[in-house]
**Student:** 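What follows is a single structure, and I will ask about it in a moment.
As a basis for the values below, the full set of heavy atoms in this structure was taken, side chains included, without hydrogen atoms, waters or symmetry mates.
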Amino acid sequence: MQAGAEGAGRVSRCCWKCSVTQLKKIFWGVAVVLGVCSSWSGSTQLAKLTFKKFDAPFTLTWFATNWNFLFFPLYYLGHVFKSAEKQSPKQRYRECCRFFGDNGLTLKVFFTKAAPFGVLWTLTNYLYLHAIKKINTTDVSVLFCCNKAFVFLLSWIVLRDRFMGVRIVAAIFAIAGIVMMTYADGFHSHSVIGIALVVGSASMSALYKVLFKLLLGSAKFGEAALFLSVLAVFNVLFVTCIPVILYFTKVEYWSSFDIIPWGNLCGFSILLLTFNILLNFGIAITYPTLISLGIVLSVPVNAVVDHYTSEIVFNSVRVIAIIIIGLGFLLLLLPEEWDVWVIKLLTRLKVRKKEEIPEGNGDIASGLPNKSRRTRPSMSSFAH
């Protein structure tokens, strides 16, 4: 009895710990979702506001990418506060450099493994920001959600990932949503160019993710932080010349540095940095699916802001396109074993129904003879 009580106590304590851990994870998940949604929608709206005074999307991309250098220092601060075995910055850097190979971050590795991703990072952000100039932020944010479908298609073709019919349906939804979004504005030149720019940005983002998995595999938190800081170094060394050329050719020109809205530029960079931090390191405290939901929730936030600040028309075609793309994005969040789980759940429900029916019949059948058995003694006693 004592052993049974102790075992029951241990089980209850384990269940309590599991429930508390899950509640903490869900709580942090809600916080991360709100952070992802607010930072992504806020950076998009602030970029739109910045272009009214400072029409230079590539310069804004270059300026914001330089802030990636803060990734590794911020990670090291977290390592110092959280880790029991504290390492010096040099030791931590050397350990994270093993991600690039046995020789660490050499010049050859920098140009073969880091530089291509620096180009893709710049193209993704530049095309996204340039699209904001052409179309409203609601369309930009919802069309960028198609990058999840592009990631699946590229992973299926290049990485030979598992084929999933539901994800093919989601990719079809994404393509149909793009076509409907183009049709919503009547195929005007500015809207078609803007949609093409967002689709190009989503494609570059998908190519970045698939190539990273193909060439580098999976990265730990410190390795990912170092890699993103290396992208900032590449941006400073090799991309700086492009804004300078655009300035002197007057493609992206401003009369004086006094008119540059530094507050908007820094605010956009901080929000974008926050978004990338939550996106890359949020899985340490919550579920990845919840993080992805924050990107979808940014669409209605941008829609509400556009409704009050711009002349966007939410006709039936645009609303259906937004719903279709959002549904496709949610379908892509389903885990790989979702069909097995559904089949198991349906099987359990069928088994329970079959068990309940015989039990109910048995009760009725057994009740009748019991009643007859009870009545027989009373009759015999009455006869005597």
**Student:** Taking everything shown except K48 itself, do over 12 heavy atoms lie less than 6.0 Å from its NZ?
**Tutor:**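 Atom NZ in K48 is crowded, with more than 12 foreign heavy atoms closer than 6.0 Å.
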**Student:** Do you know the tightest heavy-atom contact between A321 and G177?
**Tutor:**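 Closest heavy-atom pair between A321 and G177: CB-O, 3.7 Å.
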**Student:** Side chains of T138 and D306 only: does a donor on one sit below 3.5 Å from an acceptor on the other?
**Tutor:**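 Yes, side-chain donor-acceptor contact under 3.5 Å.
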**Student:** May I have the step-by-step check of side chain to side chain contact (heavy atoms under 4.5 Å, CB included) for L127 and H130, ending in yes or no?
**Tutor:** CA-CA 5 Å; L127 292 174; H130 197 67; 5.7 Å; no
**Student:** Measuring only between side-chain heavy atoms, which start at C-beta, is D55 closer than 4.5 Å to Y253?
**Tutor:**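 A side-chain contact is absent here, since even the closest heavy-atom pair is not under 4.5 Å.
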**Student:** Is there a side-chain contact between L330 and L293 in this structure, where contact means two heavy atoms from C-beta onward sitting under 4.5 Å apart?
**Tutor:**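 A side-chain contact under 4.5 Å exists here.
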**Student:** How far does CZ of F110 sit from CG of L237, to the nearest 0.5 angstrom?
**Tutor:**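 Taking CZ in F110 and CG in L237, the distance rounds to 6.0 Å.
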**Student:** Quick one: are E223 and S218 in side-chain contact, heavy atoms under 4.5 Å?
**Tutor:**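 In short, these two side chains do not touch, never coming nearer than 4.5 Å.
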**Student:** Indicate yes or no: at least one non-hydrogen side-chain atom of L215 is less than 4.5 angstrom from one of K113.
**Tutor:**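 Side chain of L215 against side chain of K113, heavy atoms only: no contact under 4.5 Å found.
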**Student:** With the side chain counted from C-beta on, respond yes when E252 and P57 share a heavy-atom pair under 4.5 Å apart, and no when they do not.
**Tutor:**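 The answer is yes, as the side chains (C-beta and beyond) meet within the 4.5 Å cut-off.
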**Student:** Work out which heavy atom in G328 is nearest to a heavy atom in A170; give both atom names and the distance.
**Tutor:**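 Result for this residue pair: O-CB, 3.2 Å.
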**Student:** Between F54 and T59, is the side chain to side chain contact (heavy atoms under 4.5 Å, CB included) condition met? List the steps.
**Tutor:** CA-CA 10 Å; F54 184 70; T59 305; 4.1 Å; yes
**Student:** Would you say the side chain of C146 lies within less than 4.5 Å of the side chain of V199, judging by non-hydrogen atoms?
**Tutor:**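 A side-chain contact under 4.5 Å is absent here.
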**Student:** Would W121 and F234 count as a ring-ring contact (aromatic ring centres under 6.0 Å, His included) here? Give the steps.
**Tutor:** CA-CA 11 Å; W121 180 282; F234 171 81; over 10 Å; no
**Student:** Should the pair K90 and Y93 be classed as cation-pi, given the thresholds of under 6.0 Å to the six-membered ring centre and 45° from the axis?
**Tutor:**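 Cation-pi check for K90 and Y93: fails.
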**Student:** Look up atom CD1 in I168 and atom CG in L153, then write down how far apart they are to the nearest 0.5 Å.
**Tutor:**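 Those atoms lie 6.0 Å apart.
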**Student:** Hey, what's the ring geometry for F238 with F111, parallel, tilted or perpendicular (30° and 60° as the breaks)?
**Tutor:**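 Ring orientation of F238 relative to F111: perpendicular.
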**Student:** Pick from V299, V32, L297: which one makes a side chain to side chain contact (heavy atoms under 4.5 Å, CB included) with C37?
**Tutor:**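 The residue from V299, V32, L297 that satisfies side chain to side chain contact (heavy atoms under 4.5 Å, CB included) with C37 turns out to be L297.
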**Student:** Quick check for you: to the nearest 0.5 Å, what is the distance between S191 atom OG and M181 atom CE?
**Tutor:**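 Rounded to the nearest 0.5 Å, the OG-CE separation comes to 11.0 Å.
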**Student:** Using the side chain to side chain contact (heavy atoms under 4.5 Å, CB included) definition, which of the options V198, I322, L197 pairs with L143?
**Tutor:**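 Exactly one pass, corresponding to V198.
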**Student:** Could you report the tightest heavy-atom contact between F100 and G104, atom names first, then the distance?
**Tutor:**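 Minimum heavy-atom separation between F100 and G104: CB-O, 3.7 Å.
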**Student:** Looking only at the side chains, is there a donor atom on one of T240 and W62 sitting less than 3.5 Å from an acceptor on the other?
**Tutor:**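 Yes, side-chain donor-acceptor contact under 3.5 Å.
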**Student:** Would you say the side-chain atoms of Y128 and S205 include a donor-acceptor pair closer than 3.5 Å?
**Tutor:**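 The criterion, which ignores hydrogens and geometry beyond distance, is not satisfied for S205 and Y128.
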**Student:** Atom CG of L327 and atom SG of C145: how far apart are they, to the nearest 0.5 Å?
**Tutor:**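 Spacing of CG (L327) from SG (C145) equals 12.5 Å.
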**Student:** If every non-hydrogen atom of F173 is compared with every non-hydrogen atom of I325, which pair is closest and at what distance?
**Tutor:**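 In this case the closest contact between F173 and I325 is O-CG1, 4.4 Å.
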**Student:** Step through the shown structure and confirm whether more than 12 heavy atoms of other residues, nucleotides or ligands are within 6.0 Å of CH2 on W156.
**Tutor:**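 No, the 6.0 Å shell around CH2 holds no more than 12 heavy atoms from other groups.
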**Student:** Using the benzene-type ring in the case of Trp, are the ring centres of F329 and F144 under 6.0 Å apart?
**Tutor:**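 Not under 6.0 Å, so no.
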**Student:** Treat each ILVMFWY residue as a node, draw an edge where side-chain heavy atoms are under 4.5 Å apart, and state whether I193 and I132 are in one component.
**Tutor:**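 Yes, I193 connects to I132 through the hydrophobic network.
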**Student:** Just to verify, which of V230, T122, L211 counts as forming a side chain to side chain contact (heavy atoms under 4.5 Å, CB included) with F117?
**Tutor:**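 Per the side chain to side chain contact (heavy atoms under 4.5 Å, CB included) rule, the option paired with F117 is L211, out of V230, T122, L211.
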**Student:** Would you name the heavy atoms of M180 and I324 that are closest together and state the gap between them?
**Tutor:**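 Nearest pair, atom of M180 first, then I324: SD-CD1, 3.7 Å.
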**Student:** Working to the nearest 0.5 Å, report the span between CG of N264 and CG of L60.
**Tutor:**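 The CG atom of N264 sits 9.5 Å away from the CG atom of L60.
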**Student:** Answer yes if F248 and V239 sit in the same cluster of Ile, Leu, Val, Met, Phe, Trp and Tyr residues linked by side chain heavy atoms under 4.5 Å apart, and no otherwise.
**Tutor:**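 Yes; tracing contacts between hydrophobic side chains, which count when under 4.5 Å, links both residues.
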**Student:** Test your reading of the model: is there a side-chain donor-acceptor pair from T65 to the backbone of A232, 3.5 Å cut-off?
**Tutor:**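 Absent.
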**Student:** Atom CZ in F227, atom CZ in F99: separation rounded to 0.5 Å?
**Tutor:**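 Rounded to the nearest 0.5 Å, the CZ-CZ separation comes out at 6.5 Å.
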**Student:** Please report the C-alpha distance between F221 and Y75 in whole Å, then the side-chain angles of each, then the deciding distance to 0.1 Å, and finally whether the ring-ring contact (aromatic ring centres under 6.0 Å, His included) criterion is met.
**Tutor:** CA-CA 8 Å; F221 296 119; Y75 161 77; 7.9 Å; no
**Student:** Does any N or O in the side chain of K209 come within less than 3.5 Å of the main-chain N or O of V151, such that one atom is a donor and the other an acceptor?
**Tutor:**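 Checking the backbone N and O of V151 against the side chain of K209, no donor-acceptor pair under 3.5 Å is found.
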**Student:** Is N302 reaching over with its side chain to a backbone N or O of S298, donor-acceptor style, under 3.5 angstrom?
**Tutor:**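 It does hold such a pair.
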**Student:** With hydrophobic residues grouped by side-chain heavy-atom distances under 4.5 Å, do L46 and Y308 end up in a single group?
**Tutor:**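 No, L46 does not connect to Y308 through the hydrophobic network.
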**Student:** Can you name the nearest heavy-atom pair linking A114 to L231, along with the distance?
**Tutor:**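 Taking A114 first and L231 second, the nearest heavy atoms are O-CD2, 3.6 Å.
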**Student:** Can you check side chain to side chain contact (heavy atoms under 4.5 Å, CB included) on N103 and V109, steps first, answer last?
**Tutor:** CA-CA 9 Å; N103 298 324; V109 170; over 6 Å; no
**Student:** I'd like a table of donor-acceptor pairs (distance under 3.5 Å, sequence neighbours excluded) in which one partner is a side-chain atom from residues 266-283, with atom names and distances.
**Tutor:**
{"residue": "S269", "atom": "OG", "partner": "L265", "partner atom": "O", "Å": "2.8"}
{"residue": "T274", "atom": "OG1", "partner": "I270", "partner atom": "O", "Å": "2.8"}
{"residue": "N276", "atom": "ND2", "partner": "L272", "partner atom": "O", "Å": "3.0"}
{"residue": "N280", "atom": "ND2", "partner": "N276", "partner atom": "O", "Å": "2.6"}

**Student:** Has the side chain of E95 got a donor or acceptor atom that lies under 3.5 Å from a matching backbone atom of R92?
**Tutor:**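 Judged by distance alone, no pair lies under 3.5 Å.
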**Student:** So do L159 and L214 actually touch side chain to side chain, heavy atoms under 4.5 Å?
**Tutor:**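 The answer is yes, as the side chains (C-beta and beyond) meet within the 4.5 Å cut-off.
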**Student:** Taking L49 as the starting point, is it possible to reach V305 by hopping between hydrophobic residues whose side chains are less than 4.5 Å apart?
**Tutor:**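 Not linked; separate clusters.
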**Student:** Take atom NZ of K213 as the centre, draw a 6.0 Å sphere, and report whether it contains more than 12 heavy atoms from other residues, nucleotides or ligands.
**Tutor:**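 For K213, atom NZ is not crowded (no more than 12 foreign heavy atoms under 6.0 Å).
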**Student:** Through direct or indirect side-chain contacts below 4.5 angstrom among Ile, Leu, Val, Met, Phe, Trp and Tyr, which residues connect to V80?
**Tutor:**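 Answer for V80: Y76.
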**Student:** Hey, any chance V236 and L228 share a hydrophobic cluster, counting ILVMFWY side chains that come within less than 4.5 Å of each other, even indirectly?
**Tutor:**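 No: no chain of side-chain contacts under 4.5 Å links V236 to L228.
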**Student:** Any donor-acceptor pair under 3.5 Å linking the side chain of Q45 with the backbone of G42?
**Tutor:**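 The answer is no, because no donor-acceptor pair under 3.5 Å joins these two groups.
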**Student:** For atom CZ of F27, decide whether the heavy atoms of other residues, nucleotides or ligands shown that lie under 6.0 angstrom number more than 12.
**Tutor:**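 Incorrect, the count does not exceed 12.
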**Student:** For F58 and L129: C-alpha separation, side-chain torsions, deciding distance, then whether side chain to side chain contact (heavy atoms under 4.5 Å, CB included) applies.
**Tutor:** CA-CA 8 Å; F58 196 92; L129 291 175; over 6 Å; no
**Student:** With a 4.5 Å cut-off on side-chain heavy atoms, are F71 and L226 touching?
**Tutor:**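 When only atoms from C-beta onward are counted, F71 and L226 do not touch, as no gap falls below 4.5 Å.
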